[in-house]
**Q** 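One structure coming up, written as structure tokens, with questions to follow.
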2 protein chains.
Amino acid sequence: MLSTMATSTGTPLSEQSILATLEDSGDTTGATAVRLMMAAADAFADRGFHATTTRDIASRAGLSPAGVYVHFTSKEDLLFELSRRGHQTARDQLVAAAAAADSPTEALRSLIAGFSRWHAEHHQLGRIVQYEFRHLTPQHRDTVLALRKEIDAVVRDVLVRGVAEGEFEVDDVPATALALLSLAVDVARWYSPEIRRTPADIARTNGELAVRLVARR
Amino acid sequence: MLSTMATSTGTPLSEQSILATLEDSGDTTGATAVRLMMAAADAFADRGFHATTTRDIASRAGLSPAGVYVHFTSKEDLLFELSRRGHQTARDQLVAAAAAADSPTEALRSLIAGFSRWHAEHHQLGRIVQYEFRHLTPQHRDTVLALRKEIDAVVRDVLVRGVAEGEFEVDDVPATALALLSLAVDVARWYSPEIRRTPADIARTNGELAVRLVARR
DNA sequence: GTCTATATTTGGATAGAC
DNA sequence: GTCTATCCAAATATAGAC
């Protein structure tokens, strides 16, 4: 597989490369399927899953309404693929950022900066990941829930390490981990490409705020 | 008008009393309309605006499908009333919390604690306020946007005062205000009545984290 | 793999009796 | 102000030709 994994400082993945992410066991995601996923990501992020019609997705991808069903079994299946691939790349990025740092403080800064940046640069996918979640079937929701737990664990682990090494002072680790994730996740809610701050600005300020939230005083 | 305004320490408003909130110029919100709003709040928070049917709302309120239209002109009108009343009580609570404190530090703690608590106790209304926003008509969206700007201003004002009085050290006031709001707003996304932490717990920890985020070091 | 045409269901909203 | 009955538009998904 190509070395397309983004680090918190590297060039970000394009939407297309995220969606084309290969399956574990080699794969075959065709160009048209990727185009459909990009069209659906646009539409779902903009209007929400249930307000988006399959006709809308098809026409944005340059297909007839029936064209969708050659590549996906249902509209929900399209949401699932977006959600799964989105969660996977988000998690991969977090894990890479945590592994690359050489102190808990730098790991946390890199983690929250990178996750904030991801939610800005991929705010469409970010919204789908964070807010369209509930429209998955129970089975698909379970699959994605496992990825969400991995993401939570990465943040909690850094906090525990920072406390153990005396860099952090944290009263309640799970509560603080959730607050840190809120900082980054909520970017998907308010970010728009038109605002003053760039994704890099947001990454820098949120990374700083994250460190400030836990640093020993 | 009755003195039902909640402070960050007082007894919280019931869902019913929030939704029955009187209009500026005296009012007439009937009991059935309130029941419909509560049913719609349940459904919209649970499944989202577009996934909720008017039939579902009606039956939850014990009415026939046609019964809705005696009290509201459309499904969107019901969303608007929920959104408007929700924003108003959220704003009122913030303004009261800010006014009651006698230092910027206490004002900020009270503000974020109260807002976090509101999003936990009224997490259904909170989700509607924060996430169903985009499904309003452009006109209704504008009305609600004005309330949102007031909310943002309250937080920014406290930060500016705290910096001026030497209690806070803040690099970027708008960015930090947004981060503080993220902390509280995101509660609506993850809160569930089944979790370990109570709304009071969440208020206390988030209030502390907020102060820590800006306090002079 | 893509199209046109369409089956079928669902859902917002209204008519008109009581 | 609530009901039953219903209209009609919209939307998911399929059939079958090319």
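Here is the naming used below: chain letters follow the sequence lines, and residue numbers restart at 1 for every chain.
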**Q** Output, in order, the C-alpha distance, side-chain angles, deciding distance and verdict of salt bridge (Lys or Arg N to Asp or Glu O under 4.0 Å) for A:Arg189 and A:Asp186.
**A** CA-CA 5 Å; A:Arg189 183 181 60 88; A:Asp186 199 53; 2.7 Å; yes

**Q** Heavy atoms under 4.0 Å, any strand shown: does B:Ser64 hit a base, just sugar-phosphate, or nothing?
**A** base

**Q** Base, sugar-phosphate, or nothing for B:Thr52, non-hydrogen atoms under 4.0 angstrom?
**A** sugar-phosphate

**Q** Round to a whole Å and report the spacing from NE2 of A:His50 to P of C:dT10.
**A** 13 Å

**Q** Of the nucleotides D:dT4, C:dG12, D:dT14, which has the atom closest to the B:Ala66 side chain?
**A** D:dT4

**Q** Test A:Arg85 against A:Glu81 for salt bridge (Lys or Arg N to Asp or Glu O under 4.0 Å), laying out the working first.
**A** CA-CA 6 Å; A:Arg85 291 167 195 239; A:Glu81 279 305 313; 2.9 Å; yes

**Q** Among C:dT2, D:dC3, C:dG12, find the nucleotide with the atom closest to the side chain of A:Val70.
**A** C:dT2

**Q** With respect to the side chain of A:Lys75, which nucleotide from D:dA15, D:dA13, C:dA13 is positioned closest?
**A**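 Side chain of A:Lys75 sits closest to D:dA13.
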
**Q** For a quick check under 3.5 Å, do B:Asp77 and B:Ser74 share a side-chain donor-acceptor pair by atom type?
**A** no

**Q** Take the protein atom CZ of A:Arg35 and the nucleotide atom P of C:dT2, then report the distance between them rounded to whole Å.
**A**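 A:Arg35 atom CZ is separated from C:dT2 atom P by 7 Å.
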
**Q** Tell me whether the side-chain N/O atoms of A:His71 come closer than 4.0 Å to OP1 or OP2 in C:dT2.
**A** yes

**Q** Nearest-Å distance, CG (B:Asp77) to C1' (C:dG12)?
**A**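 About 14 Å, once rounded to whole Å.
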
**Q** Going by the angle between their ring planes, with limits at 30° and 60°, are A:Phe115 and A:Trp118 parallel, tilted or perpendicular?
**A** parallel

**Q** From CD1 of B:Ile57 over to P of C:dT10, roughly how many Å is that when rounded to an integer?
**A**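 These atoms are roughly 18 Å apart.
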
**Q** Rounded to the nearest angstrom, tell me the gap between atom CG in A:Leu36 and atom P in C:dG1.
**A**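 For the pair A:Leu36 CG and C:dG1 P, the rounded distance is 12 Å.
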
**Q** Which nucleotide sits closest to the side chain of A:Thr53: D:dA11, D:dT14, C:dT2?
**A** D:dA11

**Q** What's the OH-C1' distance between A:Tyr69 and C:dT6, to the nearest Å?
**A**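 From A:Tyr69 OH to C:dT6 C1': 14 Å.
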
**Q** Calculate the interatomic distance between A:Arg47 atom CZ and D:dA10 atom P; express it in whole Å.
**A** 13 Å

**Q** Between A:Ser116 and A:Arg204, is there a side-chain donor-acceptor contact under 3.5 Å, judged purely by atom types and distance?
**A**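 No, because no side-chain N or O of A:Arg204 sits under 3.5 Å from a partner of the opposite role on A:Ser116.
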
**Q** To the nearest Å, how far apart are B:Arg55 CZ and C:dG12 P?
**A**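 Between P of C:dG12 and CZ of B:Arg55: 7 Å.
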
**Q** From the set D:dA13, D:dT2, C:dG12, return the single nucleotide nearest to any side-chain atom of B:Leu63.
**A**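 The listed nucleotide nearest to B:Leu63's side chain is D:dT2.
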
